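This structure is a prediction, so every number in the text was calculated from the model and none was measured. A note on names: the letters A, B, ... follow the listed sequences, proteins ahead of strands, and every chain is numbered from 1.
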Number of protein chains: 2
Amino acid sequence: MKWDALEEEPCSLARTVAVIGDRWSLLILRECFLRIRRFDDFQASLGITRHLLADRLKKLVRFGVLRKIPYQEAPKRYEYILTQKGLDLYPIIMSIVHWGNIHMVDSRGRPMLHQHKACQKMFDPVMVCSECGEPLSAKAVHVHPGPGARKSSPVHARAQERARRGVALD
Amino acid sequence: MKWDALEEEPCSLARTVAVIGDRWSLLILRECFLRIRRFDDFQASLGITRHLLADRLKKLVRFGVLRKIPYQEAPKRYEYILTQKGLDLYPIIMSIVHWGNIHMVDSRGRPMLHQHKACQKMFDPVMVCSECGEPLSAKAVHVHPGPGARKSSPVHARAQERARRGVALD
DNA sequence: TATTGACAGTTCTAAAATAGAACTTAAGGT
DNA sequence: ACCTTAAGTTCTATTTTAGAACTGTCAATA
């Protein structure tokens with residue numbers, strides 16, 4: 001499957017993977033959330049090749065995740081800033097960081113701590129249900145086809161039948 | 001940078017990207033959460049080449065995200081099941097799906113809806129602070145070096161200084 | 001005036017990863 | 001004997017990525 005085909009898939013995960021599903025895009029976005037904005041600063045802090053960095057920034061701008069805005073004339077220079085669409089990636093970034101904090105840290109402990117300005121406490125992100133506010137887990141969720149669904153494959157039909165019969169996820 | 005180097009980075013995001021930061025791993029995991037478990041079923045539903053699928057399954061098993069368990073002898077056949085570490089990826093998957101639902105769906109609407117078994121309602125995932133329960137946004141969070149931090153680069157020092165001075169994220 | 005340095009890229013070649021198809025192995029069924 | 005299912009492995013061709021060098025503007029310095 002080509003990258004372009006991913007964008008067209010009838011699946012919100014696949015379409016998002018088309019935007020952030022490569023080795024560098026998420027790392028670039030991490031830097032954006034840490035207030036890195038300029039080409040050479042991205043390059044210095046990530047060690048990405050300049051070629052790839054130029055390509056990825058172009059892609060993120062094309063998807064509307066970053067905006068390229070001039071910060072000086074003569075010579076014209078630009079910086080890359082998160083759009084609202086980009087800022088909305090924050091829950092993805094945080095849930096990735098949190099999983100890494102739980103499952104991938106070594107004996108030195110967490111590289112970074114997060115403080116909530118509102119309550120002043122160091123926190124972890126928790127994913128809850130928008131309707132009842134309870135924490136979510138995979139086992140507590142049923143999936144249903146939505147209006148944008150295509151007919152499901154036989155493989156998926158069998159899998160959903162297993163779910164209906166209460167077959168566990170693990 | 002090589003993939004192996006990513007795993008060693010003093011950053012929980014980078015280390016997680018080493019596990020799920022390629023085009024296929026997240027798609028394979030999506031199938032796992034939909035109760036797909038067998039090689040040919042993954043292959044049929046994803047259209048991934050058998051070569052890559054074998055490689056990615058091996059990687060996910062190596063990282064402890066999936067377990068390979070036999071479901072029949074003679075000939076020996078295996079299926080791939082999420083471990084607890086794998087189930088813990090659910091918030092990442094859901095936040096990715098949710099971002100796609102908001103920013104990447106076409107006119108047909110969402111491909112999939114989610115129902116919370118506890119409250120019976122269709123829901124969206126919301127990320128909240130573990131301490132005060134309020135919804136989180138990037139702008140409401142301060143970052144601090146944790147016990148596993150390495151000395152920050154000059155580039156990051158300048159960026160953090162900007163944050164301290166209250167420079168906006170966007 | 002000539003030189004150096006900062007910044008934001010582009011261009012080149014070599015190495016690595018991926019796509020796509022065919023092949024293998026082991027057993028059961030007809 | 002032959003076909004099918006399942007889970008891979010092997011092969012070649014194409015695409016992507018790594019790594020380094022190069023380009024074009026302009027400002028500041030020697």
Before accepting this row, confirm whether a basic side-chain N of the pair B:E161/B:R164 lies closer than 4.0 Å to the acidic partner's carboxylate O.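 Between B:R164 and B:E161 there is a salt bridge, with a charged N closer than 4.0 Å to a carboxylate O.
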
Is the shortest side-chain N to carboxylate O distance from B:R15 to A:D106 below 4.0 Å?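 A salt bridge is present here (some side-chain N lies under 4.0 Å from a carboxylate O).
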
Within 45° of the six-membered ring axis of A:W24 and under 6.0 Å from that ring's centre, is NZ or CZ of A:K59 located there?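 Cation-pi check for A:K59 and A:W24: fails.
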
Looking at [X] and [Y], would you say the former's side chain and the latter's main chain have a donor-acceptor pair under 3.5 Å?
{"X": "B:T83", "Y": "B:V65", "answer": "yes"}
{"X": "A:S153", "Y": "B:S45", "answer": "no"}
{"X": "B:R110", "Y": "A:G146", "answer": "no"}

Between [N] ([atom2]) and [X] ([atom1]): distance, integer Å:
{"X": "A:I48", "N": "D:dG19", "atom1": "CD1", "atom2": "P", "value": "11 Å"}
{"X": "B:Q43", "N": "C:dA22", "atom1": "CD", "atom2": "P", "value": "14 Å"}
{"X": "A:F39", "N": "C:dT10", "atom1": "CZ", "atom2": "P", "value": "8 Å"}
{"X": "A:W24", "N": "D:dT16", "atom1": "CH2", "atom2": "C1'", "value": "14 Å"}
{"X": "A:R23", "N": "D:dT17", "atom1": "CZ", "atom2": "C1'", "value": "7 Å"}
{"X": "A:L52", "N": "D:dA18", "atom1": "CG", "atom2": "C1'", "value": "8 Å"}
{"X": "B:M1", "N": "D:dG19", "atom1": "CE", "atom2": "P", "value": "10 Å"}
{"X": "B:H51", "N": "D:dA13", "atom1": "NE2", "atom2": "C1'", "value": "14 Å"}

Does [N] have its OP1 or OP2 closer than 4.0 Å to a side-chain nitrogen or oxygen of [X]?
{"X": "A:R50", "N": "D:dT23", "value": "no"}
{"X": "A:W3", "N": "C:dA17", "value": "no"}
{"X": "B:Y80", "N": "D:dG8", "value": "yes"}
{"X": "A:K58", "N": "C:dT10", "value": "yes"}

From the set C:dT18, D:dG19, C:dA8, return the single nucleotide nearest to any side-chain atom of A:D40. C:dA8

Under 3.5 Å, is there any donor-acceptor pair linking the side chain of B:R38 to the base of D:dA7?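 No pair found.
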
Salt bridge (Lys or Arg N to Asp or Glu O under 4.0 Å) partner of B:E79, chosen from B:R35, B:R38, B:R67: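 When salt bridge (Lys or Arg N to Asp or Glu O under 4.0 Å) is applied between B:E79 and each of B:R35, B:R38, B:R67, only B:R38 qualifies.
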
Residue-level proximity of residues 70-77 of chain A to DNA chain D when a heavy atom falls under 4.0 Å: A:A74, A:P75, A:R77

